[in-house]
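First listed ligand is number 1; within each ligand, the first listed atom is number 1. Not measured: the values here are computed from a predicted model. Only heavy atoms go into these numbers, but all of them, side chains included; no hydrogens, no water, no symmetry mates.
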Amino acid sequence: MNDVALRLTGITKTYNAGTPGAVTVLRGVDVRLAKGEIVALVAPSGAGKSTLLHIAGLLDTPDTGTVEIGGQDVTGQSDRQRTVVRRDQVGFVYQFHHLLPEFSASENIVLPQLAAGRSRQQAQDRATELLESVGVGARAHHRPAELSGGEQQRVAFCRALANRPSLLLADEPTGNLDPATSDTVFDALMTLVRTTGLSALIATHNMDLARRMDRQLRLDEGSLTSA
Ligand code: ADP
């Protein structure tokens, strides 16, 4: 069994390379996340957090360097293979919930499971279990617009975990909430991650939240250091 959930080695990324507008965002970044580890990615806005998370989650490709997820080197894989790895192994959470507005909280968690081949009953049971674990079980049949910001984000966490990924990538997951709500919603996320044994890389500006994770990495000037 492989005990490394995510390994990035020598990642570089330049946007608009070879043009006057070239922006070098990553200059040789190495990351190693052990199974079950929760790591904060701290950086000022524009430093390249989203770029790094998108590369780690196979939504973007680096110029050079390798990406391994669950011990599997996906660097040279086809788009199709990468899509399968992403679907089965990676959960994403963003600053905004991006729930489908016309579906209930529960349905938003059921749909990705149906897409991955699970039966409706299995998917519904999983959605109920997840929603209850983050304290929004009673809101399962409400649409996103009928939920508070904190509730919407809890549902987004459940959706990210619906297909039992091994890796969670989160980009400012509580950045859109007021400080008190952010705190309790962050607690819900940490509990969910710990109880499922997931590995997580969580970008945040908030040092108080960062300190509650196992360790902190700082991204600055294209390089990553321990914070
Ligand atoms: P962060 O998430 O830390 O705010 P990003 O990864 O979004 O940072 O962006 C890092 C830098 O790369 C910024 O200067 C941004 O303007 C630039 N950038 C991001 N995406 C693109 C793109 N598709 N094309 C050109 N520049 C980009």
Quick note on ligand 1: atoms under 4.0 Å from a heavy atom of G46 include exactly 1 (P), 3 (O), 4 (O), 8 (O), 10 (C), 11 (C), 13 (C), 14 (O)
Is there a protein heavy atom at a distance of less than 4.0 Å from atom 2 (O) of ligand 1?
yes
If we number the atoms of ligand 1 from 1 as shown, the ones under 4.0 Å from a heavy atom of V25 are 10 (C), 11 (C), 12 (O)
Exercise for review: Can you confirm whether something in the protein, heavy atoms only, sits under 4.0 Å from atom 11 (C) of ligand 1?
Suggested key: yes
Taking only non-hydrogen atoms of N16 and a 4.0 Å limit, the atoms of ligand 1 in range are 25 (C)
Charged N-O contact under 4.0 Å between R120 and D125: no
Nearest non-hydrogen protein atom to atom 25 (C) of ligand 1, with distance, is Y15 CB, 3.4 Å
Note to self: Just by distance, no angles: are the side chains of T24 and Y15 close enough, under 3.5 Å, to form a donor-acceptor pair?
What the structure shows: no
(request) Report yes if some N/O of K49 lies less than 3.5 Å from some N/O of ligand 1; otherwise report no. (result) yes
heavy-atom search around atom 9 (O) of ligand 1 in the protein gives T51 OG1, 4.0 Å
For A47, the ligand 1 atoms with a heavy-atom partner under 4.0 Å come out as 3 (O), 8 (O)
Margin query: Just by distance, no angles: are the side chains of D73 and T66 close enough, under 3.5 Å, to form a donor-acceptor pair?
Written below: no
Smallest heavy-atom separation, L53 atom then A170 atom, equals CD1-O, 3.5 Å
Between T181 and D178, is any side-chain donor less than 3.5 angstrom from a side-chain acceptor?
-> yes
Per side-chain hydrogen bond (donor to acceptor under 3.5 Å, both in side chains), N163 is matched among R87, Q89, R118 by R118
**Message:** Considering both backbone and side-chain atoms of G48, is one of its nitrogen or oxygen atoms within less than 3.5 Å of a nitrogen or oxygen in ligand 1?
**Reply:** yes
### Query
Can you check whether D171 has an N/O within less than 3.5 Å of an N/O in ligand 1?
no
Note: ligand 1 atoms sitting under 4.0 Å from heavy atoms of S45 are 4 (O)
- H98 vs Y94 aromatic rings, parallel, tilted or perpendicular, using cut-offs 30° and 60°? perpendicular
Please check if atom CG in D79 has more than 12 non-hydrogen atoms from other residues, nucleotides or ligands closer than 6.0 Å.
no
